[in-house]
**Student:** 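First the structure, which I've put down as structure tokens, then a few questions once you've had a look.
Below, chain A is the first sequence line, B the second, and so on; all start at residue 1. Remember, it's a predicted structure, so these values are computed and weren't measured experimentally. All values below were derived from every heavy atom in this structure, side-chain atoms included, with hydrogens, water molecules and symmetry-related copies excluded.
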2 protein chains.
Amino acid sequence: MIESDKPLAQKNRNRVSTSIDVAKLAGVSQSAVSRAFTPGGSVSEETRAKVLKAAKALGYRPNAFAKGLITQQSGLIGIVFPSTQSPIYTQALQYLTRALVAEGYSSILIPFDTYADGDHSIPQLFHYRVEGVIVMSSTLESHLVEECLDLNIPVVQLGRVARGANTNCVVCDNASGGVMAAELLVARGCLRPAFIAGDHATSTNRERESGFCRRIEQLLGYPPLVYQANFSYEAGGAAARELLVMPSPPDGLFCATDLIAIGVMDVAREMGLSIPDQLQLIGFDDIPQAAWVGYQLTTFSQDIERIAEESVRILLCQIKRDDNRCTHLILPVTLVQRGTLRELTG
Amino acid sequence: MIESDKPLAQKNRNRVSTSIDVAKLAGVSQSAVSRAFTPGGSVSEETRAKVLKAAKALGYRPNAFAKGLITQQSGLIGIVFPSTQSPIYTQALQYLTRALVAEGYSSILIPFDTYADGDHSIPQLFHYRVEGVIVMSSTLESHLVEECLDLNIPVVQLGRVARGANTNCVVCDNASGGVMAAELLVARGCLRPAFIAGDHATSTNRERESGFCRRIEQLLGYPPLVYQANFSYEAGGAAARELLVMPSPPDGLFCATDLIAIGVMDVAREMGLSIPDQLQLIGFDDIPQAAWVGYQLTTFSQDIERIAEESVRILLCQIKRDDNRCTHLILPVTLVQRGTLRELTG
DNA sequence: CTGAAAGCGCTTACAG
DNA sequence: CTGAAAGCGCTTACAG
């Protein structure tokens with residue numbers, strides 16, 4: 001008897017209060033409560049004060065589900081998060097959620113592989129009527145984006161450009177990074193430059209590669225060697241093991257990411273090569289590890305905070321104005337000079 | 001004229017269909033549609049087929065807001081994500097969302113500092129009536145947890161134990177790690193062991209420290225030196241710079257995290273010390289960098305995937321059964337032997 | 001400024 | 001198994 005009473009009592013004690021409860025306690029109508037919680041709602045200061053006091057006493061919090069149902073605005077943004085190791089995406093995620101919260105939105109997280117799992121698993125995402133989606137996955141070539149477009153849900157792709165899709169994207173200037181890398185290497189006397197490529201399917205990799213190759217060819221008259229790897233530390237090491245034992249090995253490497261470059265460095269040193277004397281190196285991303293004492297990797301830094309904020313800005317702009325002109329924002333990268341490039345000799 | 005027509009037409013075209021639309025097309029009642037989408041709902045196969053066909057034609061997706069409103073179950077879990085650099089949390093986040101999706105829940109992300117920002121900003125979290133919360137922040141000592149408890153919302157703390165709070169938590173066996181570290185170091189002849197501590201406010205750090213100190217004192221008859229740092233790479237380097245120039249510097253270091261240990265290694269090498277000959281080292285966490293060629297750090301690995309899955313299991317258990325008995329789950333750590341400890345001499 | 005009332009899109013007793 | 005109807009907790013014309 002006592003045992004069955006207890007859960008009941010708890011339920012009652014913890015029952016969340018509604019606007020009707022607040023209205024009763026405040027001695028006003030339920031509409032008045034709603035208005036008091038609506039920015040710009042037409043209520044007298046007196047009524048608002050009574051409502052707020054009652055609401056506080058009851059621990060009232062407007063039910064977002066009821067609100068969303070009636071206003072047809074969920075206040076929810078979907079964020080597709082990739083299953084990668086790169087700290088870049090974690091940083092982006094933090095900045096994104098922060099910016100979104102500041103604008104009054106909440107973030108629903110969609111792990112990448114959930115969606116990749118197959119078409120039959122309709123993402124819960126759409127059940128919650130997200131108002132917009134930010135896609136971070138660098139390799140995802142799925143139809144998620146198309147599905148959003150069908151449903152008229154704005155999408156911003158962060159850090160990637162899908163082929164031919166007319167969706168918004170915010171990326172750093174990968175191509176310019178490639179061009180600059182070529183110039184830096186050639187200016188320091190490199191004659192056998194190489195590019196260590198990450199995942200070929202990503203726009204990030206393709207742009208860095210083409211910028212680099214194009215400029216090398218212009219400067220040197222021949223293209224660099226291109227080694228196809230992937231975005232991991234291990235792939236960098238493997239690339240180094242193959243490339244650096246060649247008859248005339250590369251003397252300057254531009255790596256698609258810092259992680260690759262660091263993998264190269266570790267193996268190159270193991271092989272007794274000195275950096276930057278015998279091998280010069282440039283990375284991309286400026287991950288925390290690039291600044292570590294043991295690496296001091298010269299690299300390009302992207303302004304992740306700005307990329308995240310612009311993504312949110314563009315997304316919210318489309319949500320609010322319901323315009324569907326497409327924005328393709330390219331943010332500059334900055335060279336971070338550290339120790340893997342030789343000094344420029346006068 | 002044309003311009004004002006267009007948006008309207010678009011709105012219509014993209015208007016999401018409801019169960020009533022589906023019912024009309026399928027020639028059944030709206031209730032039948034609802035039942036067809038409810039697992040175990042009492043509908044004939046024939047009706048279900050008609051409904052599913054119509055639903056597919058219309059691109060119907062049940063509105064989670066309407067459903068949540070009527071069932072009083074949001075299907076949403078809040079995840080508090082810390083603003084840290086450690087890859088551990090990113091991994092945990094991926095495993096968590098994956099496990100949650102598999103169970104039919106969606107994840108709302110709460111960036112740590114949002115909530116820390118001040119009490120006046122009531123977390124949107126509660127507006128969405130999350131059914132449970134998983135807290136990952138290692139340093140957060142906020143009242144979020146208490147607030148959840150007040151509202152009878154189950155909470156699981158992942159990787160941390162709050163002082164005196166009677167909430168669920170899933171952690172790895174930090175204390176045993178400390179004990180094992182002490183034994184490993186002493187067995188290899190260390191006479192001047194030291195602990196480099198991370199953030200003092202975290203249970204993680206406290207348990208690693210106390211396990212280590214207790215066991216060192218038992219084995220050696222005196223306590224280890226304890227250097228107060230924080231959980232960063234930089235703090236490890238700073239600690240090394242101070243400790244390793246002492247008259248009789250430590251000969252064996254247990255670091256609260258791998259990141260600290262790696263910071264120590266980089267500086268120790270810069271100072272010309274050879275590892276493990278002149279300085280032995282043990283980390284904690286087994287982050288990817290610990291396995292890098294340049295470090296080969298001996299460390300303890302926690303099974304993040306299991307920790308995440310158990311957290312979800314415990315949380316859902318409390319949500320479904322509405323029992324509030326508290327679970328405190330401690331998962332074992334395993335030693336990952338690499339190169340920063342000397343060989344045991346027979 | 002205020003309240004009564006309709007309605008958002010579902011689920012679920014209730015009565016066949 | 002099926003449908004009509006109530007109701008979840010809000011917002012928002014509508015009429016004072």
**Student:** Looking at side-chain heavy atoms only, is the closest gap between B:Val80 and B:Val133 below 4.5 Å?
**Tutor:**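 Yes, close enough: below the 4.5 Å cut-off.
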**Student:** Given side chains that start at C-beta, do those of A:Ile307 and A:Tyr95 come closer than 4.5 Å, heavy atoms only?
**Tutor:** no
**Student:** Quick one: salt bridge (charged side-chain N to carboxylate O under 4.0 Å, His left out) partners of B:Glu103, sequence neighbours excluded?
**Tutor:**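 Partners of B:Glu103 by the salt bridge (charged side-chain N to carboxylate O under 4.0 Å, His left out) criterion, ordered by chain and then number, come out as B:Lys320.
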**Student:** Pick the P atom in C:dG16 and in C:dT12, then give their distance to the nearest Å.
**Tutor:**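 To the nearest whole Å, 22 Å.
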**Student:** Between which nucleotides of DNA chain C, read 5' to 3', does contact with chain A run, using atoms under 4.0 Å from its heavy atoms?
**Tutor:**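 The protein-touched segment is C:dC1 to C:dG9.
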**Student:** DNA chain D: stems of at least 3 consecutive Watson-Crick or G-U pairs, cut-off 3.5 Å?
**Tutor:**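 So the stems come out as C:1-3 with D:14-16, C:5-12 with D:5-12, C:14-16 with D:1-3.
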**Student:** Considering residues at least two apart in sequence or located in another chain, which fulfil the salt bridge (charged side-chain N to carboxylate O under 4.0 Å, His left out) criterion with A:Arg48?
**Tutor:**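 In terms of salt bridge (charged side-chain N to carboxylate O under 4.0 Å, His left out), with neighbours along the sequence ignored, A:Arg48 is linked to A:Glu45.
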**Student:** Return yes if some donor-acceptor pair links the side-chain N/O of B:Thr71 with the main-chain N/O of B:Gln73 below 3.5 Å, else return no.
**Tutor:**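 At least one qualifying donor-acceptor pair exists.
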**Student:** Side chains of A:Leu100 and A:Ile79: does their closest heavy-atom pair fall under 4.5 Å?
**Tutor:**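 Yes - at least one pair of side-chain heavy atoms lies under 4.5 Å apart.
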**Student:** Hey, does B:Thr71 reach any base, or is it just sugar-phosphate, or nothing, if we go heavy atoms under 4.0 Å?
**Tutor:** sugar-phosphate
**Student:** When we call it a touch if two heavy atoms are under 4.0 Å apart, what does A:Gln72 touch: a base, just sugar-phosphate, or nothing?
**Tutor:**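 Sugar-phosphate contact only.
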**Student:** Please compare B:Arg35 and A:Lys67 by the position of their nearest nucleotide in DNA chain D and report the one closer to 5'.
**Tutor:** B:Arg35
**Student:** Which residue, B:Ala66 or B:Arg48, contacts DNA chain D at a nucleotide closer to its 5' end, judged by nearest heavy atom?
**Tutor:** B:Arg48
**Student:** Here's a test for you: under side-chain contact (heavy atoms from CB on, under 4.5 Å), which of B:Val312, B:Leu315, B:Val161, B:Val156 qualifies with B:Val170?
**Tutor:** B:Val156
**Student:** Ignoring hydrogens and geometry, is there a side-chain-to-backbone donor-acceptor pair from A:Ser86 to A:Tyr89 under 3.5 Å?
**Tutor:**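 Not confirmed, A:Ser86 side chain does not pair with A:Tyr89 backbone.
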**Student:** So what does B:Ser34 touch, heavy atoms closer than 4.0 Å: a base, only the sugar-phosphate, or nothing?
**Tutor:** base
**Student:** For the backbone of B:Arg129 and the side chain of B:Ser74, can you confirm whether one donor and one acceptor N or O come within less than 3.5 Å of each other?
**Tutor:**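 Yes: the side chain of B:Ser74 pairs with the backbone of B:Arg129.
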**Student:** Might you confirm whether atom NZ of A:Lys67 has over 12 heavy atoms from other residues, nucleotides or ligands at distances under 6.0 Å?
**Tutor:** no
**Student:** Can you list the residues that meet the salt bridge (charged side-chain N to carboxylate O under 4.0 Å, His left out) rule with B:Glu310, with sequence neighbours excluded?
**Tutor:**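 Applying salt bridge (charged side-chain N to carboxylate O under 4.0 Å, His left out) to B:Glu310 gives B:Arg306, B:Arg313.
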**Student:** Looking at residues 37-46 of chain A, who's got a heavy atom less than 4.0 Å off DNA chain C?
**Tutor:** A:Ser42, A:Val43, A:Ser44
